Amino acid sequence: MSKILIRGARVLGGEPQDVLIDGETIAEVGAGLSAEGAEVVEAAGKVLLPGLVDLHTHLREPGREDSETVLTGTRAAASGGYTAVFAMANTFPVADTAGVVEQVYRLGQEHGYCDVQPIGAVTVGLEGRKLAELGAMHESAAGVTVFSDDGKCVDDAVIMRRALEYVKAFGGVVAQHAQEPRLTEGAQMNEGVVSAELGLGGWPAVAEESIIARDVLLAEHVGSRVHICHLSTAGSVEIVRWAKSRGIDVTAEVTPHHLLLTDELVRSYNPVYKVNPPLRTERDVLALREALADGTIDIVATDHAPHPHEDKDCEWAAAAMGMVGLETALSVVQETMVDTGLLTWAGVADRMSVKPARIGQAAGHGRPVSAGEPANLTLVDTEYRGRVDPAGFASRSRNTPYEGRELPGRVTHTWLRGKATLVDGKLT
């Protein structure tokens, strides 16, 4: 493979350095590097990060290829600076067997825009009644280590306890969609002042917080790991903070949209803002930002949830929940966390690459930008500002809440093991 010399990049936002890629590996990092015959990428002023890792992506294949496929989803990931994504299990058929997770894994290998690590379902058919083939999925070619019924909560405490005990045997983790189902029947948005004024069914914060409280105690009881998906309330932050102070092995994620958007947007009745968990209040948003900054929340995960046009271009009550996020995540994090002074670019690398790779055990990802490490990298023009145009998305779906909104930053290059997947903002 050819050599690539990235010249003058600000590695993790620091002082300008040159980075030489030789084959699949970073060969050298320093000032004034040269390499005969190397392709030169002029990166003055741009920030170089380890390739981003998303622990929460919906690729929809198999079964909902009208929304997304492994190919289109991984192209979207590369456009957003990601070199690895974890694909959620709520496909058709559900990824609850070794056969289905291996299918998704091999599709990821075949397309090659980023590494795809399937997430296995916790229960058969996401029905919450019987444990899925956790061991078989772990022993399969896909090597599954993360299990989730995302989209549905594992609300049965006995089933959740058994899952935590089972994955402990091979160092796995259960990622919980924290939603008490009885408390959210008919819910359309966050329960609060806005829902009361609009007359829409409310999704109370306690429906999330009660499940998180139960599950961190279960994880402590059995000595296992639990991960909280798309944490969205100030109360949830306090529960996770308490659990960590107690030594419980819990990690948590926040989505970009929960760092920026509030339930006030629902006044428009635009279904693009309909998501699960729902957009919360300004108080919640500020609490989530502070928690991500201080490490209470470990990572940013997109919950990239593509839907076809007809599932969103309809009345609010009938619309599907979810929004795409892979191609805008880094820009939203820059606006909410970096430009506000809450995180440095090194902190962004930690929350969007290092820690998600560690939680999901994604070998070769989330590694330092240094000699001898895999060349999984993303280059960001942090000075860029532009309006979001979903017509240019690589994703098959266009359900973004940021259409027409000006956001900072643009990923210009992505490298997966030394191979460029994105060059000058265009997919290779």
Side-chain angles (χ1 to χ4, degrees), residues 4-14 16-21 24-26 29 39 41-55 57 73-86 112-117 256 299-302 304 325-335 337-338 343-358 360 362 364-370 373-384 386 393-395 407-428:
I4 300 169
L5 180 60
I6 306 169
R7 184 176 287 159
R10 296 171 55 217
V11 177
L12 304 189
Q17 290 183 293
D18 300 338
V19 176
L20 178 63
I21 299 171
E24 298 185 355
T25 306
I26 298 171
V29 178
E39 173 191 346
V41 176
E42 296 294 349
K46 296 178 182 176
V47 170
L48 188 67
L49 302 172
L52 307 184
V53 177
D54 189 17
L55 200 67
T57 297
T74 55
R75 285 169 64 89
S79 296
Y82 288 88
T83 54
V85 299
F86 283 72
Y113 279 90
C114 74
D115 286 345
V116 175
Q117 179 57 53
I299 67 171
V300 176
T302 69
H304 175 80
L326 285 168
E327 295 171 77
T328 51
L330 191 56
S331 291
V332 175
V333 170
Q334 180 178 335
E335 176 161 311
M337 301 301 297
V338 180
L343 275 184
T344 63
W345 282 108
V348 172
D350 178 72
R351 307 310 195 271
M352 297 186 75
S353 181
V354 177
K355 283 182 179 172
R358 186 181 303 153
H365 294 277
R367 302 293 305 160
V369 181
S370 58
E373 296 289 353
N376 296 318
L377 301 166
T378 187
L379 187 64
V380 188
D381 180 358
T382 60
E383 298 302 314
Y384 174 87
F393 281 0
S395 171
L407 289 176
R410 181 176 74 105
V411 175
T412 62
H413 293 71
T414 307
W415 291 275
L416 176 64
R417 286 183 292 277
K419 180 179 179 181
T421 56
L422 187 78
V423 174
D424 293 327
K426 296 180 175 60
L427 290 160
T428 57

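Residue indices begin at 1 and follow the sequence shown. Worth saying up front: this structure is predicted, and the values here are computed from it rather than measured.
In this structure, the side chains of Pro256 and Val300 come closer than 4.5 Å at one or more pairs of heavy atoms. Put simply, the side chain of Val47 does not reach to within 4.5 Å of the side chain of Val348, judged on heavy atoms. Contact annotation: the side chain of Leu48 never approaches that of Lys46 to less than 4.5 Å [non-hydrogen atoms, C-beta and beyond]. Counting heavy atoms from C-beta on, the side chains of Val338 and Thr382 never come closer than 4.5 Å. The shortest side-chain heavy-atom distance between Leu49 and Leu12 falls under the 4.5 Å cut-off. Between Trp415 and Leu379, the closest side-chain pair of non-hydrogen atoms falls below 4.5 Å. At a threshold of 4.5 Å between non-hydrogen side-chain atoms, the residues His304 and Ser395 count as touching. Considering only heavy atoms from C-beta on, Val116 stays 4.5 Å or farther from Thr57 through its side chain.
In this structure, Glu24 CD and Lys419 NZ are separated by 10.5 Å, a value rounded to the nearest 0.5 Å. Residue Thr328 holds its OG1 atom at 15.0 Å from CZ of Arg410, rounded to the nearest 0.5 Å. Put simply, CG on Leu407 and CD on Glu335 are 5.5 Å apart, with the number rounded to the nearest 0.5 Å. If you take NZ on Lys426 and NE2 on His413, they are separated by 10.5 Å, rounding to the nearest 0.5 Å.
Checked by atom type, the side-chain pair Asp54/Thr302 shows a donor-acceptor distance below 3.5 Å. Looking at His365 and Asp115, their side chains do bring a donor and an acceptor atom within 3.5 Å of each other.
At distances below 3.5 Å, not a single donor-acceptor pair connects side-chain atoms of Ser353 with backbone N or O atoms of Val53. Between the side chain of Asn376 and the main chain of Leu416, no donor-acceptor pair closer than 3.5 Å is present. Side-chain atoms of Glu327 come within 3.5 Å of backbone N or O of Ala394 as a donor-acceptor pair. Looking at Thr74, its side chain never comes within 3.5 Å of a backbone N or O of Ala77 through a donor-acceptor pair.
Across all non-hydrogen atoms, the minimal contact from Tyr113 to Ala78 is O-CB, 3.9 Å. For the pair Ala329 and Met352, the tightest heavy-atom approach, listed with the atom from each and the gap, is CB-CE, 4.2 Å. When every heavy atom of Ser370 is checked against every heavy atom of Val29, the shortest pair comes out as CA-CG2, 3.9 Å. When all heavy atoms are compared, the tightest approach of Ile299 to Lys355 is CG2-CB, 3.6 Å. Here the shortest heavy-atom pairing between Pro356 and Arg351 reads CD-O, 3.5 Å. Between Thr428 and Ala420, the closest heavy-atom pair is OG1-O, 2.9 Å.
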Derivation of the side-chain contact (heavy atoms from CB on, under 4.5 Å) call for Ser79 and Leu326: CA-CA 8 Å; Ser79 296; Leu326 285 168; over 6 Å; no
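Legend: residues meeting side chain to side chain contact (heavy atoms under 4.5 Å, CB included) with Thr414, ordered by chain and number and at least two apart, are Thr83, Thr378, Val411, Thr421, Leu422.
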